[in-house]
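In what follows, every chain begins at residue 1, and chains take the letters A, B, ... in the order their sequences are listed. The structure displayed is predicted, hence computed values, not measured ones.
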Amino acid sequence: MPEELRYDPKEIESRWQRVWAHERTWEVPDDLPADAETSYVLEMLPYPSGEPHIGHLKVYSVGDAVAHFHRRRGRRVLHPMGYDAFGLPAENHAIKTGQHPRASTDAAIASFQREFRSWGISIDWTRELGTHEPRYYRWTQWIFLQLLHRGLAYRKEAAVKWCPVDATVLANEQVVDGHCERCGAEVQTRQLEQWFFRITDYADRLVEDLGRIEWPEHVKTMQRNWIGRSTGAQVTFRCEELDVDYPVFTTRPDTLFGATFFVMAPEHPDVLRLAAGTEHEDAVRAYVNAAAGGSAEDRGDAEREKTGVPLGRTVTNPVNGEALPMFVADYVLMEYGTGAIMAVPAHDARDFAFAQAYGVEVRRVVGTDEDLPYVGDGPLVNSHPDFDGLHNRDALERIVAWLDGEGKGHASVNYRLRDWLISRQRYWGCPIPVVYCSGDCGMVAVPADQLPVELPDVRDYAPKGRSPLAGAEDWVATTCPSCGGAARRETDTMDTFVDSSWYFLRYCDANNDEAAWDPAVLARWMPVDQYIGGVEHAILHLLYARFFCKALSDLGLLGADEPFARLFTQGMITRDGAKMSKSKGNVVSPQAIVERFGADTARCYILFIGPPDQDADWSDEGAEGMHRFLGRLWRTCARAATELHDEALAVEALGADGLRVARKAHWAIDKVTGDMEGRFAFNTAIAAVMELLNECGPSRRGAAESGAVRFALATAASLLFPFAPHTAADAHERLTGLRVWEEPWPVADPALLASDTFELVVQVNGKVRDRVQVPAEADAETLRALARDQPNVRSHLDGREVLKEVVVPGRLVNLVVR
RNA sequence: GCGGGCGUGGUGGAACCGGUAGACACGCCGGCUUUAGGUGCCGGUGGCGCAAGCCAUGGGGGUUCGAAUCCCUCCGCCCGCACCA
């Protein structure tokens with residue numbers, strides 16, 4: 001093969017990357033014309049650690065294809081890049097090596113930048129940000145202040161989750177089955193004063209607005225489950241002996257007449273007081289202590305035997321005045337509802353299990369033939385003459401109305417969602433911009449014009465149950481912004497999910513030094529039109545970001561109250577069917593692939609491997625095949641550029657071969673466009689380009705006119721550009737002299753899409769017996785006659801009676817015979 | 001246990017509305033080019049059968065002229081939720 005026709009991705013890729021960088025091709029200016037059509041395409045913010053992995057390659061291959069497609073369809077596309085740069089891995093590394101987290105983070109960022117650039121993704125690098133840079137976290141702190149002033153950030157003492165390994169508190173969302181989501185250690189409960197964001201204020205809207213966004217249904221379901229909205233009633237039970245009211249939340253006020261006991265969580269503050277002076281006092285104390293020491297994991301296990309201890313007191317059921325025995329039991333959780341429940345064993349599986357174990361009465365109040373416990377619907381029985389016989393769902397409303405009238409209860413909505421605990425006793429995070437005055441001012445917010453509160457250097461990163469920042473004495477000691485007296489800084493830092501809850505806003509106005517953003521600029525881009533990332537963020541990041549947008553929009557700082565209009569969650573790339581990991585030694589490094597085949601091959605193969613929302617197994621052979629295809633495309637174009645003369649494409653003058661090639665090109669335009677528009681079917685889009693190229697092979701194209709072949713090849717390069725930008729740009733330029741990214745996305749000619757003949761399938765009794773080329777305009781009668789006339793069809797009709805003829809114009813004829 | 005998704009050649013997958021099952025690729029087989037090879041190009045490739053044909057989309061049943069696609073049922077795998085009152 002002549003040297004000039006060698007496909008050399010290294011040379012091609014670096015050459016075009018230089019052109020795009022030099023011409024700043026992918027930058028979008030801040031002063032776009034008002035009528036510009038825009039699109040915001042965003043991949044989830046990467047955490048920079050070591051080098052990018054194959055998941056990054058996938059997310060940017062998808063995102064860049066989308067970004068390019070929109071650009072070529074005439075939109076101005078915002079496609080920025082940044083780094084989620086605060087976080088524990090860098091800090092833990094610092095504890096081990098003494099290297100400042102900033103140094104290791106910046107090194108990782110540099111390697112990410114280098115690799116991202118080598119992939120040729122079309123990023124507007126002028127908007128690049130790192131969440132650890134003071135110019136960024138200055139505004140993270142500013143947002144914190146806005147929330148603080150609105151009462152959406154607050155400090156309170158509460159039972160919180162503590163990870164003993166990471167030595168910090170965690171948000172509920174970061175505890176999975178009683179274990180730290182990050183490190184896997186079993187979490188403990190501690191009573192601490194911490195900072196929270198009032199996300200529960202938005203619980204309702206966070207559920208409600210899921211209806212307005214185009215997200216995968218399973219992600220919405222996960223969020224709904226997490227928020228856990230339940231409607232029901234709050235009902236007050238009175239303990240006469242102690243003269244205290246205990247409200248409970250129930251979703252089943254219709255079963256109030258079936259309540260036979262009352263249970264409190266071991267953490268309920270009144271438990272010991274209630275038992276005091278009764279014969280159960282010691283047992284209760286022992287039970288409460290045991291519960292406090294038990295593991296959160298066991299506590300959450302529904303299969304576990306129900307345990308509990310009587311309190312020796314009763315409460316009065318407000319609907320019938322009955323005295324119900326009180327218990328303490330750990331199947332009741334302090335953090336949900338009021339920490340106390342009315343127990344209806346006949347119609348609740350948990351209460352039933354407890355009643356069986358402790359010999360409490362079970363009273364059926366929903367009449368059915370089913371065994372107890374019965375949690376379904378039915379007519380009320382054994383309740384009250386006013387309600388007996390009513391369907392329980394109707395009775396529910398009437399009972400709540402009655403309670404309301406009597407002042408004994410009211411309709412109520414309860415959520416599983418807790419407020420977001422955002423303080424962390426760690427170093428490498430955004431400082432919380434608050435000081436504590438040693439005088440009379442108490443807690444004072446650092447004024448916005450004194451931001452950022454910069455993270456000081458410390459000598460010792462090791463966590464000791466308090467933030468390493470507490471050791472930076474010079475930094476901690478400050479003056480009170482209010483009275484000018486002595487004050488001490490808050491030493492906790494913010495959860496890094498705070499940093500990533502607003503970065504997509506900053507990108508819109510990334511270099512604004514006067515404000516976090518200009519709302520007018522934001523209005524142009526927000527919400528993100530297409531967000532792309534892993535499903536592992538279905539709850540954490542995606543819920544927090546939604547909360548931020550709602551809170552900020554309520555503050556008048558932002559128009560969009562949903563951050564991400566469309567979400568796409570990509571599947572994992574596995575190797576030999578298993579998740580890639582260093583310990584398994586099955587890691588495929590993007591750098592190695594790019595080194596060996598070039599970025600275009602890597603990107604295309606990852607998209608070709610299967611539907612991008614599904615997991616897919618990496619195959620080296622598959623990547624080689626993609627490399628062959630790109631080489632063939634490039635070479636065929638390069639050869640055509642010199643060997644096929646550049647004649648105009650006159651469709652009317654084309655012969656059969658030329659027409660076939662031109663048609664195939666228009667078919668491919670239609671196919672690729674449809675695959676990109678409707679769904680992210682990049683795999684079939686690339687397959688269509690492969691088909692088109694196959695049609696242009698020297699033997700297959702036959703006597704096709706050079707204009708038709710050139711058009712088909714240029715089209716192939718053009719259609720492949722979103723997936724293999726360098727190769728496509730190079731091939732396209734050689735062939736046409738034009739820069740493909742400046743060309744509009746091709747539009748299929750309907751006249752060339754429709755063929756003048758089609759292959760009619762003829763079935764007898766549903767089995768294909770023959771095929772025949774027929775004119776596209778043939779009417780049903782013609783098709784019918786033609787079908788019956790095929791030799792192989794005749795032999796199957798021979799001596800039989802035709803009962804029915806099904807004619808599907810443009811497709812098939814089915815003859816039903818006996 | 002509850003909810004959701006999936007199951008198609010040796011492999012990844014395609015078939016978007018019920019209308020030619022297996023596009024496109026990997027792998028394999030054969031041929032050509034020949035520079036020694038990788039490479040490149042052309043062709044073949046679901047199974048059984050000499051063939052006509054038959055069988056085939058996890059198993060079974062159903063609806064339909066016609067089912068990978070719709071319905072019922074069973075099996076297997078994956079994901080989420082799971083003492084939330």
Side-chain angles (χ1 to χ4, degrees), chain A residues 1 5-7 177 216-219 221-222 224-226 228-230 232 248-252 255 263 265 299-304 306 329-333 335-344 347-351 353-354 414-418 535 538-539 571 605 608-611 613-629 631-632 635 671 674-675 678-679 681 683-694 697-700 759-771 792 795 803-808 810-817:
Chain A
M1 196 193 313
L5 287 181
R6 200 171 66 84
Y7 173 55
D177 291 334
E217 212 41 60
H218 67 279
V219 176
T221 302
M222 284 161 82
R224 268 187 215 106
N225 286 344
W226 185 260
R229 176 165 68 180
S230 311
V248 301
F249 174 75
T250 176
T251 55
R252 296 294 304 276
T255 63
V263 189
R299 179 81 178 266
D301 181 7
E303 307 303 313
R304 210 177 47 134
K306 296 281 177 289
D330 69 1
Y331 79 93
V332 172
L333 309 174
E335 58 269 28
Y336 187 76
T338 61
I341 62 157
M342 68 173 205
V344 184
H347 305 293
D348 181 283
R350 300 152 298 179
D351 297 343
F354 188 87
N414 209 22
Y415 301 90
R416 201 184 87 123
L417 182 71
R418 305 286 72 165
V535 74
I539 295 175
Y605 176 60
F608 182 68
I609 194 166
D613 56 333
Q614 288 173 27
D615 291 352
D617 208 54
W618 178 267
S619 139
D620 281 338
E621 290 78 18
E624 275 173 42
M626 183 54 69
H627 187 246
R628 278 200 291 276
F629 162 69
R632 192 157 61 239
R635 222 175 303 111
K671 173 74 180 153
D675 284 350
R679 34 186 206 161
N683 52 335
T684 50
I686 292 170
V689 179
M690 287 174 168
E691 283 195 56
L692 176 56
L693 179 65
N694 289 345
S699 70
R700 196 94 67 91
E759 190 182 56
L760 178 73
V761 171
V762 187
Q763 298 179 332
V764 179
N765 285 346
K767 290 194 193 304
V768 179
R769 295 302 177 187
D770 222 326
R771 299 152 209 264
N792 199 39
S795 66
L803 299 176
K804 189 170 178 180
E805 291 170 316
V806 181
V807 182
V808 183
R811 285 203 179 265
L812 61 71
V813 172
N814 187 15
L815 304 170
V816 185
V817 303

> Output the single nucleotide from B:G43, B:C83, B:G13 whose closest atom is nearest the side chain of A:Lys306.
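It is B:C83.
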
> How long is the straight-line distance from CG of A:Leu815 back to CZ of A:Arg769, given to the nearest 0.5 Å?
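Taking CZ in A:Arg769 and CG in A:Leu815, the distance rounds to 11.5 Å.
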
> Apply the test side-chain contact (heavy atoms from CB on, under 4.5 Å) to residues A:Asp351 and A:Ile341: give CA-CA distance (whole Å), side-chain angles for both, the deciding distance (0.1 Å), then the verdict.
CA-CA 10 Å; A:Asp351 297 343; A:Ile341 62 157; 3.6 Å; yes

> Could you give the distance separating B:G5 and B:A56 at their P atoms, to the nearest angstrom?
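Comparing P positions in B:A56 and B:G5 gives a spacing of 28 Å.
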
> Using the P atom as the reference point in each nucleotide, state the distance between B:U39 and B:C48 in Å, no decimals.
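So the two P atoms sit 29 Å from each other.
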
> Considering only the P atoms, how many Å lie between B:G80 and B:G30, rounded to the nearest integer?
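It comes out at 47 Å once rounded to the nearest Å.
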
> With a non-hydrogen cut-off below 4.0 angstrom, is A:Arg679 in contact with a base, only sugar-phosphate, or nothing?
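A:Arg679: base contact, heavy atoms under 4.0 Å.
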
> Consider the side chain of A:Asn683, meaning its heavy atoms from C-beta on, and name the nucleotide among B:G12, B:A25, B:A14 that approaches it most closely.
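Side chain of A:Asn683 sits closest to B:A14.
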
> Given B:A23, B:C65, B:C16, which nucleotide is nearest the side-chain atoms of A:Asp675?
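Nearest to the side-chain atoms of A:Asp675, counting from C-beta on, is B:C16.
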
> Assign A:Val332 to base, sugar-phosphate, or nothing according to its heavy-atom contacts below 4.0 angstrom with the strands shown.
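Base contact.
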
> For the CZ atom on A:Arg224, are there more than 12 heavy atoms of other groups (residues, nucleotides or ligands in this structure) within a distance under 6.0 Å?
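Yes, enclosed.
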
> Between A:Ala340 and A:Ser699, name the one whose nearest nucleotide on RNA chain B is closer to the 5' end.
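With A:Ala340 and A:Ser699 compared, the 5'-side residue is A:Ser699.
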
> Hey, which of these two, A:Glu624 or A:Thr251, hits RNA chain B nearer its 5' end, going by closest nucleotide?
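Result of the comparison: A:Glu624.
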
> Report yes or no: is the cationic atom of A:Lys306 (NZ for Lys, CZ for Arg) under 6.0 Å from the centre of the six-membered ring of A:Tyr331, at an angle within 45° of the ring normal?
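Yes, A:Lys306 lies over the aromatic ring of A:Tyr331.
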
> Nearest of B:A85, B:C24, B:G40 to any side-chain atom of A:Arg635?
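Among the listed nucleotides, the one closest to the side chain of A:Arg635 is B:G40.
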
> Applying a 4.0 Å non-hydrogen cut-off, can you work out what A:Leu333 is touching in the nucleic acid: base, sugar-phosphate, or nothing?
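Counting heavy atoms under 4.0 Å across all strands, the contact made by A:Leu333 includes a base.
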
> Any base atoms under 4.0 Å from A:Asn694, or only sugar-phosphate, or nothing? Heavy atoms, all strands.
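Since only primed, P, OP1 and OP2 atoms lie under 4.0 Å of A:Asn694, the category is sugar-phosphate.
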
> Tell me whether the side-chain N/O atoms of A:Arg628 come closer than 4.0 Å to OP1 or OP2 in B:G27.
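Yes, A:Arg628 has a side-chain N/O under 4.0 Å of OP1/OP2 on B:G27.
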
> Could you tell me how far B:G47 sits from B:U69 if I compare only their P atoms? Round to whole Å.
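Result for the P pair: 23 Å, nearest Å.
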
> Return the nearest nucleotide to the side chain of A:Asn225; candidates are B:C81, B:A85, B:C26.
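Looking only at heavy atoms from C-beta outward on A:Asn225, the closest nucleotide is B:C81.
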
> What's A:Gly625 touching, base or sugar-phosphate or nothing? Going by heavy atoms closer than 4.0 Å.
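The answer is sugar-phosphate, as A:Gly625 gets under 4.0 Å only of primed atoms, P, OP1 or OP2.
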
> Nearest-Å distance, CD (A:Gln763) to P (B:G18)?
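Result: 17 Å.
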
> Listing time: all N or O pairs from protein to nucleotides 50-53 of chain B that are below 3.5 Å?
from, atom 1, to, atom 2, distance (Å)
B:G53, OP1, A:Asn792, OD1, 3.4
B:G53, OP1, A:Asn792, ND2, 3.4

> To the nearest 0.5 Å, what is the distance between CE (A:Met690) and CZ (A:Arg632)?
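The CE atom of A:Met690 sits 7.5 Å away from the CZ atom of A:Arg632.
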
> Are A:Arg416 and B:A85 close enough that a side-chain N or O sits under 4.0 Å from OP1 or OP2?
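Looking at the OP1 and OP2 atoms of B:A85, neither is under 4.0 Å from any side-chain N or O of A:Arg416.
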
> Parallel, tilted or perpendicular: which fits the ring planes of A:Tyr336 and A:Phe249, with parallel below 30° and perpendicular above 60°?
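Aromatic pair A:Tyr336/A:Phe249 classed perpendicular.
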
> Closest approach to the side chain of A:Met690, judged atom by atom: which nucleotide of B:G13, B:C24, B:C81 is it?
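Of the candidates, B:C24 comes closest.
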
> Provide the distance between the two P atoms, one in B:C54 and one in B:G3, to the nearest whole Å.
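It comes out at 43 Å once rounded to the nearest Å.
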
> With sequence neighbours left out, write down each residue that passes side chain to side chain contact (heavy atoms under 4.5 Å, CB included) with A:Arg229, or none if nothing qualifies.
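Checked A:Arg229 against side chain to side chain contact (heavy atoms under 4.5 Å, CB included); matches are A:Asp204, A:Val207, A:Glu208, A:Val413, A:Tyr415.
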
> Can you figure out which of B:A85, B:C54, B:G27 approaches the side chain of A:Lys767 most closely?
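The nucleotide sitting nearest to the side chain is B:C54.
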
> Can you check the distance between B:C17 and B:A67, where both ends of the measurement are the C1' atom (answer in whole Å)?
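About 14 Å, rounded to a whole number of Å.
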
> Strictly below 4.0 Å, heavy-atom distances to any atom of RNA chain B: list the hits from residues 810-817 of chain A, or just say none.
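The answer is A:Arg811, A:Leu812, A:Asn814, A:Val816.
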
> CG/A:Leu812 to CD/A:Glu759 distance, rounded to the nearest 0.5 angstrom?
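The distance works out to 11.5 Å.
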
> Name the pairing partner of B:G46, where a pair is Watson-Crick or G-U wobble with both distances under 3.5 Å, or state none.
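Across all strands, the one nucleotide that pairs with B:G46 is B:C55.
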
> Using a 4.0 Å heavy-atom cut-off across all strands, classify A:Glu759 as base, sugar-phosphate, or nothing.
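Contact class for A:Glu759: base.
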
> In whole angstrom, give me the gap between the P atoms of B:C32 and B:G37.
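Each nucleotide's P atom is 13 Å from the other's.
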
